[in-house]
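Chain A is the first sequence line, chain B the second, and so forth, proteins listed ahead of strands; every chain is numbered from 1. The shown structure was predicted, so the numbers you read here are calculated from the model rather than taken from an experiment. Computed from heavy atoms alone, side chains included, the values below leave out hydrogens, waters and symmetry copies.
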2 protein chains.
Amino acid sequence: MARPREFDLEQALERAMQKFWAQGYEATSLDDLCDATGLGRSSLYAAFGDKRGIYLRALAHYEEAAVKRITATLHASASPLDAIRAFVKRIIDDIVAGPGRRGGFFGNCAAELARQDRAAASQVKAGIERVQAIFQNALLKAQRAGELPREADTGAIAAFLVSGIQGLRLVGKANPERKTLENIAKVMLRCIEH
Amino acid sequence: MARPREFDLEQALERAMQKFWAQGYEATSLDDLCDATGLGRSSLYAAFGDKRGIYLRALAHYEEAAVKRITATLHASASPLDAIRAFVKRIIDDIVAGPGRRGGFFGNCAAELARQDRAAASQVKAGIERVQAIFQNALLKAQRAGELPREADTGAIAAFLVSGIQGLRLVGKANPERKTLENIAKVMLRCIEH
DNA sequence: CCTGTTATGGACTGCATGGTTCATAATTCA
DNA sequence: TGAATTATGAACCATGCAGTCCATAACAGG
């Protein structure tokens, strides 16, 4: 029973996330966030509390989007293992092309904040575990389809793939050469070859 | 023919590096650096130019120390492959114990700066390549000793190991649980098994 | 149409930051 | 011993920062 909010909260979160993703937490100022979202400080403050609040919400927003996207990608192909291979290939393409060079938001957050910010750390941890579970589901599906040996430790392989992708993205930041990245991916993906 | 410098440049660099390593570039203030080194701003400024100059020199300092340490570690055992396994195990121990949770300096730098700071990026790239070369040497030695198949692509495996270790360290920041890390390492090290 | 309530934008605040300056101390060479 | 030179530390500066405040605008319910 008063003046209603004039902006779309989700859209603002999406734009704030993009800025944080590209620049990191410390390097992104409130003015940056105002510019990115088109909102005033008061609106941001009223909606999210403070800068850290915006970041944490942006992180959650990313998690939802990432989970959705990865789930879809890993189910896109009939063969789960092919889907995983395509997923990794896509990451390399993004790094080489440029936009992927900002890394993943989880990885960036872990690198910058995780040691100091417990809330951020546990949120990243939870996010990583969800992604890991999606990978494991794909691996289990592959197992049922006979693509992967019965005795394969799908949990460990999933954890490894997620970790390996983090490494790939990190190396890609300093060295975005396709050859190097493909070499890494080649060895990495051996864990899902028969 | 004038007043000589009163402090040890290498020691100052080492201490500055430790601070940058633990906190990152942005989050480390000049006052932090003065505290850590015990020097005044003028001395730091005269010796290194500015904050970025200190960082870049600290990065180079780290590179030398890391190259020396890794070389020694990978030659510590009679079996190069055992040395690599021990190296990874050691990283996990460090993460679980706490100090390893700050990550590696190269990785941290890549995550924070590489996209924006070309000098930092190329320095990290060069450093990573040196480390990679050390790993490759160990792998070549293993090949000569018959521990590793002749047809193994030592360059690719070396690149993969370096990348994989970055991923391990990054995941360890958000989730320093031994079990998870050992699962990752287990799959990762399969690339050098029989 | 009026009243209570909330959203908004811009101005403002105090503080920490990176960088600079300068007077002084320490040292060398003549 | 004294002139020239350089290192040092403390004070200083402008800037950018996160966070706050307030006057005003926009709405809802009566």
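- Annotation: side-chain contact (heavy atoms from CB on, under 4.5 Å) contacts of A:N175 (sequence neighbours excluded): A:E177, A:T180, B:K125, B:E129.
- When the side-chain contact (heavy atoms from CB on, under 4.5 Å) test is applied to B:T73, the partners found at least two apart in sequence or on another chain are B:R69, B:F87.
- Using a distance-only test at 3.5 Å, with no hydrogens or angles considered, a donor-acceptor pair links the side chain of B:Q143 to the main chain of B:A152.
- Legend: salt bridge (Lys or Arg N to Asp or Glu O under 4.0 Å) pairs involving residues 92-103 of chain A, not counting sequence neighbours, sorted by first then second residue: A:K89-A:D93, A:R90-A:D94, A:D93-A:R178.
- Applying the salt bridge (Lys or Arg N to Asp or Glu O under 4.0 Å) test to every pair with at least one member in residues 27-38 of chain A, sequence neighbours left out, gives these pairs: A:D31-A:R41.
- Pairs engaging residues 45-55 of chain B under the salt bridge (Lys or Arg N to Asp or Glu O under 4.0 Å) rule: B:R52-B:D117 [sequence neighbours left out].
- Non-hydrogen atoms lying under 4.0 Å from DNA chain D are contributed by A:T28, A:S29, A:L30, A:R41, all within residues 20-41 of chain A.
- Checked by distance alone, A:S43 brings no side-chain donor or acceptor within 3.5 Å of a matching partner on the base of C:dG9.
- In this structure, B:L44 atom CG and D:dA10 atom C1' are separated by 15 Å, rounded to whole Å.
- Each side chain to side chain donor-acceptor pair (under 3.5 Å) pair with one or both residues in residues 154-170 of chain B, not counting sequence neighbours, appears once here: B:Q136-B:T154.
- A heavy-atom distance below 4.0 Å to DNA chain C is reached by these residues of residues 5-12 of chain A, ordered by number: A:R5, A:E6, A:F7.
- Evaluation of atom-type donor-acceptor distances gives no pair under 3.5 Å for the side chain of A:S42 against the base of D:dT20.
- With sequence neighbours excluded, the residues satisfying side chain to side chain donor-acceptor pair (under 3.5 Å) with A:R130 are A:E63, A:E64.
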